[in-house]
> 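So that we are looking at the same thing, I have put the structure below in structure tokens.
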2 protein chains.
Amino acid sequence: MVGVMGPELTFPDRDDIRLVEVLHALADPVRLQLVRLLDETDGAVACGQIPLPVSKPTASHHLKVLREAGVVWAREVGTRRYYSLRRDDLEARFPGLLDSVLAAGTAGEGAPTAGTRS
Amino acid sequence: MVGVMGPELTFPDRDDIRLVEVLHALADPVRLQLVRLLDETDGAVACGQIPLPVSKPTASHHLKVLREAGVVWAREVGTRRYYSLRRDDLEARFPGLLDSVLAAGTAGEGAPTAGTRS
DNA sequence: GGAATCATTCGACGTCCGTCGAACGTTGTC
DNA sequence: GACAACGTTCGACGGACGTCGAATGATTCC
């Protein structure tokens with residue numbers, strides 16, 4: 001039988017993707033790390049193959065948040081689910097947003113230089 | 001006497017601005033609306049002069065979140081506080097991020113076109 | 001068929017968040 | 001000096017969030 005695991009996966013339409021939800025989905029260290037990994041791994045990654053500092057249910061929860069926010073796709077193959085970024089839709093809806101977030105990740109995130117108080 | 005209202009206002013250094021905190025600060029409807037208004041009003045806006053759908057303490061709270069995330073400056077003049085965006089610092093730290101968020105705001109946020117359900 | 005694998009869902013727990021009314025300290029004005 | 005204006009802080013409330021262990025459903029392999 002061809003695989004249908006749980007309830008049918010649903011995703012928001014491109015035009016239903018809300019900026020606030022995307023920002024909220026990205027505003028979490030684990031999910032941000034997840035998105036960066038999905039960005040580097042250009043194909044698609046299964047949930048279990050991702051090195052995450054959280055338990056399996058928690059990872060599943062974060063993936064769900066990203067999916068419902070319209071950030072990632074989920075494709076079922078057997079008992080696995082392969083996730084990938086919705087680059088095109090995000091770029092069409094919020095041009096430059098994903099790129100800037102990902103670029104900020106690769107750039108200095110923990111390298112303070114001087115100090116300009118006030 | 002020249003005004004010092006509460007405890008001295010503190011802000012994160014440019015290099016201490018964290019992406020996750022900025023995203024979290026922007027991932028709220030009220031704060032996003034606030035940032036957009038600060039963007040349009042190029043000078044600076046006082047707290048009370050902002051038409052917000054929340055009470056005064058709540059608005060103050062949101063401004064504090066934005067300030068501590070490094071998104072806005074706060075300048076005291078008498079009994080008022082004028083807020084303004086930290087465009088330069090945000091652009092230096094996360095190039096294109098603020099622009100994409102603001103552009104997304106002015107573009108269609110509630111104008112669905114077709115429907116590509118999966 | 002039975003066991004192992006994969007990912008989710010469920011229930012629970014503690015924490016953080018957004019919200020408000022009331023009280024407070026400053027500042028400016030009469 | 002007294003009063004009004006401004007913004008913050010305090011305390012409290014309800015809800016959402018992140019986290020996990022255990023249980024569940026599906027699939028694959030022997």
Side-chain angles (χ1 to χ4, degrees), chain A residues 1-11 18 20-35 37-38 44-69 71-84, chain B residues 1-11 18 20-35 37-38 44-69 71-84:
Chain A
M1 180 185 294
V2 187
V4 173
M5 194 183 312
E8 297 296 335
L9 294 180
T10 59
F11 310 89
R18 296 267 170 270
V20 173
E21 294 185 12
V22 172
L23 292 174
H24 171 261
L26 266 40
D28 179 274
V30 176
R31 289 195 290 263
L32 201 51
Q33 176 179 345
L34 211 33
V35 169
L37 192 139
L38 290 176
V45 182
C47 186
Q49 318 308 330
I50 307 175
L52 246 59
V54 293
S55 68
K56 205 170 296 186
T58 302
S60 183
H61 163 68
H62 286 310
L63 261 336
K64 182 182 179 183
V65 172
L66 289 172
R67 196 189 71 224
E68 292 181 341
V71 179
V72 302
W73 290 118
R75 183 169 51 91
E76 304 184 312
V77 176
T79 173
R80 287 189 176 87
R81 280 188 184 175
Y82 292 93
Y83 291 89
S84 57
Chain B
M1 179 184 292
V2 186
V4 172
M5 194 185 311
E8 297 297 335
L9 294 179
T10 59
F11 309 90
R18 297 265 170 269
V20 174
E21 294 184 11
V22 172
L23 291 174
H24 171 260
L26 266 40
D28 179 274
V30 177
R31 289 195 289 263
L32 201 51
Q33 176 179 346
L34 211 33
V35 168
L37 191 138
L38 290 177
V45 181
C47 187
Q49 318 308 329
I50 306 176
L52 248 56
V54 293
S55 68
K56 203 171 299 185
T58 302
S60 182
H61 164 68
H62 285 310
L63 262 335
K64 182 182 179 183
V65 172
L66 289 172
R67 197 188 70 222
E68 292 180 342
V71 178
V72 301
W73 289 120
R75 185 169 49 91
E76 304 185 310
V77 176
T79 173
R80 288 188 176 85
R81 282 187 183 176
Y82 291 95
Y83 291 89
S84 57

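Order of the sequence lines sets the chain letters (A, B, ...), proteins ahead of strands, with each chain counted from 1.
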> Using whole Å, report how far CG of A/Leu32 lies from P of D/dC17.
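After rounding, the reported distance stands at 18 Å.
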
> Sequence neighbours excluded, which residues qualify as side chain to side chain donor-acceptor pair (under 3.5 Å) partners of B/Ser84?
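Not a single residue meets the side chain to side chain donor-acceptor pair (under 3.5 Å) criterion with B/Ser84.
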
> For a quick test of reading the model, state the closest non-hydrogen atom pair linking B/Arg67 to B/Thr10 and the distance between them.
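Scanning both residues completely, I find the closest heavy atoms to be NE-O, 3.5 Å.
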
> Drop me the distance from B/Gln49's CD to B/Tyr82's OH, to the nearest 0.5 angstrom.
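The OH atom of B/Tyr82 is 7.0 Å from CD of B/Gln49, to the nearest 0.5 Å.
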
> In whole Å, I'd like the distance from the CZ atom of A/Arg80 to the P atom of D/dT28.
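These atoms are roughly 10 Å apart.
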
> Specify the closest pair of heavy atoms between B/Tyr83 and B/Leu63, including all atoms of both residues, with the distance to one decimal.
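Minimum heavy-atom separation between B/Tyr83 and B/Leu63: CZ-CG, 3.6 Å.
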
> For A/Leu37 versus A/Pro51, what's the shortest heavy-atom pair and its separation?
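Heavy-atom minimum between the residues: CD1-CD, 3.9 Å.
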
> Checking contacts here: which listed nucleotide (C/dT5, D/dC17, D/dC6) is nearest the side-chain heavy atoms of A/His24?
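The listed nucleotide nearest to A/His24's side chain is D/dC17.
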
> Calculate the interatomic distance between A/Leu9 atom CG and C/dT8 atom C1'; express it in whole Å.
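So the CG-C1' distance, A/Leu9 to C/dT8, works out to 10 Å.
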
> Whole-Å distance between C/dT8 C1' and A/Arg75 CZ?
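These atoms are roughly 19 Å apart.
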
> Distance-only check: which donor-acceptor pairs under 3.5 Å involve side-chain atoms of residues 22-33 of chain A, not counting sequence neighbours?
residue : atom : partner : partner atom : Å
A/Asp28 : OD1  : A/Val30 : N            : 2.9
A/Asp28 : OD1  : A/Arg31 : N            : 3.2
A/Arg31 : NE   : A/Ala25 : O            : 2.7
A/Arg31 : NH1  : A/His62 : ND1          : 3.1
A/Arg31 : NH2  : A/His24 : O            : 3.2

> Under 4.0 Å from OP1 or OP2 of C/dC6: is there any side-chain N or O of A/Arg81 that close?
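Answer no for this pair, as no side-chain N or O of A/Arg81 is under 4.0 Å from OP1 or OP2.
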
> When all nucleic acid strands are considered with a 4.0 Å heavy-atom cut-off, which category describes A/Tyr83: base, sugar-phosphate, or nothing?
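The answer is sugar-phosphate, as A/Tyr83 gets under 4.0 Å only of primed atoms, P, OP1 or OP2.
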
> Rounded off to whole Å, could you give me the CG-to-C1' distance for the B/Leu26 and C/dC17 pair?
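Nearest whole value for this atom pair: 16 Å.
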
> Got a sec? Which of residues 49-63 of chain B come in under 4.0 Å of DNA chain D, heavy atoms?
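The answer is B/Lys56, B/Pro57, B/Ser60.
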
> Can you check whether B/Arg31 has a side-chain N or O nearer than 4.0 Å to OP1 or OP2 of C/dG18?
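For C/dG18, OP1 or OP2 has a side-chain N or O of B/Arg31 closer than 4.0 Å.
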
> Rounding to an integer number of Å, can you tell me how far A/Glu76 CD sits from D/dA26 C1'?
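After rounding, the gap between these two atoms is 10 Å.
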
